[in-house]
**Student:** 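Sending over a structure as structure tokens; questions will come in a sec.
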2 protein chains.
Amino acid sequence: MIKNDIFLVLEQKGNFSRTKAVLLVETILKSMKEALLRGEKIEIRGFGSFRVVPKKSGYGRDIRRNKQIPIAGGKRVKFKPGQDFKVKIKKLSVE
Amino acid sequence: MIKNDIFLVLEQKGNFSRTKAVLLVETILKSMKEALLRGEKIEIRGFGSFRVVPKKSGYGRDIRRNKQIPIAGGKRVKFKPGQDFKVKIKKLSVE
DNA sequence: TAAGAATATATCATTCTTGATCATCAGCTT
DNA sequence: AAGCTGATGATCAAGAATGATATATTCTTA
């Protein structure tokens, strides 16, 4: 699924024009990124939550030279799917 | 940020009615969940990607009894923020 | 706004991801 | 439709998440 698929869904199921659909999606994505960049968490019940958490990891690898590379700490974004969603995804293995 | 905040953004910046905003968001979230439940990956350039990956983890813990509990394998959803987004988030630590 | 529903937290050991970089592949804009 | 921009894969070691459960907290809906 890519952006275009979302536009199509909005055009078909939501009856929105392509222009509106694009405006919509971009607006939502932009506001979500801004929220996370402010350090806020995003919590959408039934779907999942995004949180900005500190990161300490300290080593990477230079493939060419096959040697370790120090990595500075910082923050990262973590997504956690909702409970119901998570359970359903987990069961995909059954198929 | 919660669902209501997204509705507000759509009402203000996108000039959509509350009803339309709700329909929109629910439609998008639903289609995204369905895609992932079909095993598809979702890739939104500039934001990030969601993928369904296999999981093997095998042990949990019962806090009351303080003993190990076996955990069945399955699949899980993984979110990976876009490059630019990831870098910006990482720098939040500087502040 | 208040009731109802969903999520965070803490716990431990095992499994898994992060992180830089180049080449390849794929999404997105014109 | 094609090119440009952006994402994935592979590598290794060490730090970090997962998973079940009950309670406290927060989101959502009627």
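Labels below follow one simple rule: chain letters A, B, ... track the order of the sequence lines, proteins then strands, and each chain is numbered from 1.
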**Student:** Report the distance from atom CG of A/Asp62 to atom P of C/dA23, rounded to the nearest whole Å.
**Tutor:** 13 Å
**Student:** Scan nucleotides 28-30 of chain D against the protein and return all N/O pairs shorter than 3.5 Å with their distances rounded to 0.1 Å.
**Tutor:**
| from | atom 1 | to | atom 2 | distance (Å) |
| --- | --- | --- | --- | --- |
| D/dT28 | OP1 | A/Arg45 | N | 3.4 |
| D/dT28 | OP2 | B/Lys3 | N | 3.4 |

**Student:** Would you give the length of the straight line joining atom CD1 of B/Ile6 to atom CD1 of A/Ile44, rounded to the nearest 0.5 angstrom?
**Tutor:**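 One finds 4.0 Å between CD1 of B/Ile6 and CD1 of A/Ile44.
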**Student:** Please output the side-chain donor-acceptor pairs of residues 58-72 of chain A that fall under 3.5 Å, not counting sequence neighbours, one pair per line with the distance.
**Tutor:**
| from | atom 1 | to | atom 2 | distance (Å) |
| --- | --- | --- | --- | --- |
| A/Arg61 | NH2 | A/Asn66 | O | 3.3 |
| A/Asp62 | OD1 | A/Arg64 | N | 3.0 |
| A/Asp62 | OD1 | A/Arg65 | N | 3.3 |

**Student:** Given atom CG of A/Asp5 and atom P of C/dA26, what is their separation to the nearest angstrom?
**Tutor:**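 About 15 Å, once rounded to whole Å.
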**Student:** Return the value, rounded to whole Å, for the distance between atom CD1 of B/Ile42 and atom P of D/dG6.
**Tutor:** 21 Å
**Student:** Counting only N and O atoms by type, is there a donor-acceptor contact under 3.5 Å from the side chain of A/Lys75 to the main-chain atoms of A/Gly39?
**Tutor:** no
**Student:** Can you tell me how far C1' of D/dA22 sits from CD of A/Gln83, to the nearest Å?
**Tutor:**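 These atoms are roughly 13 Å apart.
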**Student:** Where the side chain of B/Lys90 is defined as all heavy atoms beyond and including C-beta, which of C/dT7, D/dA7, C/dA20 is the nearest nucleotide?
**Tutor:** C/dA20
**Student:** Whole Å only: how far is the CG atom of A/Asn66 from the P atom of C/dT21?
**Tutor:**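 Value for this atom pair: 15 Å.
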**Student:** Kindly give the heavy-atom pair with the smallest separation between B/Phe47 and B/Phe85, and that separation in Å.
**Tutor:**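 Closest pair (atom of B/Phe47, atom of B/Phe85, distance): O-CD2, 3.4 Å.
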**Student:** Starting from C1' on D/dA7, measure out to NZ on B/Lys41 and report it in whole angstrom.
**Tutor:**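 Roughly 8 Å, once rounded to whole Å.
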**Student:** Please write out the pairs of protein N or O atoms and N or O atoms of nucleotides 14-17 of chain C separated by less than 3.5 Å, giving the distance to one decimal.
**Tutor:**
| from | atom 1 | to | atom 2 | distance (Å) |
| --- | --- | --- | --- | --- |
| C/dC16 | OP1 | B/Lys56 | N | 3.3 |

**Student:** Looking at D/dG9, I'd like to know if its phosphate oxygens (OP1 or OP2) sit under 4.0 Å from a side-chain N or O belonging to B/Arg51.
**Tutor:** yes
**Student:** On DNA chain D, compare the nucleotides closest to A/Gly60 and B/Lys80; which residue's is nearer the 5' end?
**Tutor:** B/Lys80
**Student:** Taking B/Lys80 first and then B/Glu43, would you say they form a salt bridge - that is, a charged N and a carboxylate O separated by under 4.0 Å?
**Tutor:** no
**Student:** Students often mix this up, so state it plainly: with edges at 30° and 60°, are the rings of A/Phe79 and A/Phe50 parallel, tilted or perpendicular?
**Tutor:** tilted
**Student:** Closer than 4.0 angstrom, basic N to acidic O: yes or no for A/Lys13 and B/Glu26?
**Tutor:**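 So A/Lys13 does not pair with B/Glu26 through a salt bridge.
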**Student:** How many Å lie between CD1 on A/Ile69 and C1' on D/dA14, as a whole number?
**Tutor:**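 Answer to the nearest Å: 15 Å.
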**Student:** Could you work out which one of C/dC22, C/dT11, D/dA20 sits closest to the side chain of B/Ile63?
**Tutor:** C/dT11
**Student:** In whole Å, I'd like the distance from the CD1 atom of A/Ile71 to the C1' atom of C/dT21.
**Tutor:** 12 Å
**Student:** Could you pick out which residue, A/Phe79 or B/Phe47, lies toward the 5' side of DNA chain D when each is mapped onto its nearest nucleotide?
**Tutor:**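 Going by which nucleotide is closer to the 5' end, it is B/Phe47.
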**Student:** Just by distance, do the side chain of B/Lys41 and the backbone of B/Leu36 share a donor-acceptor pair under 3.5 Å?
**Tutor:** no
**Student:** Looking at A/Arg64, does any N or O in its side chain come under 4.0 Å of the phosphate oxygens OP1/OP2 on C/dC22?
**Tutor:** yes
**Student:** Mind listing the closest non-hydrogen atom pair of B/Leu29 and B/Lys3 along with its distance?
**Tutor:**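 Shortest heavy-atom contact: CD1-CE, 4.1 Å.
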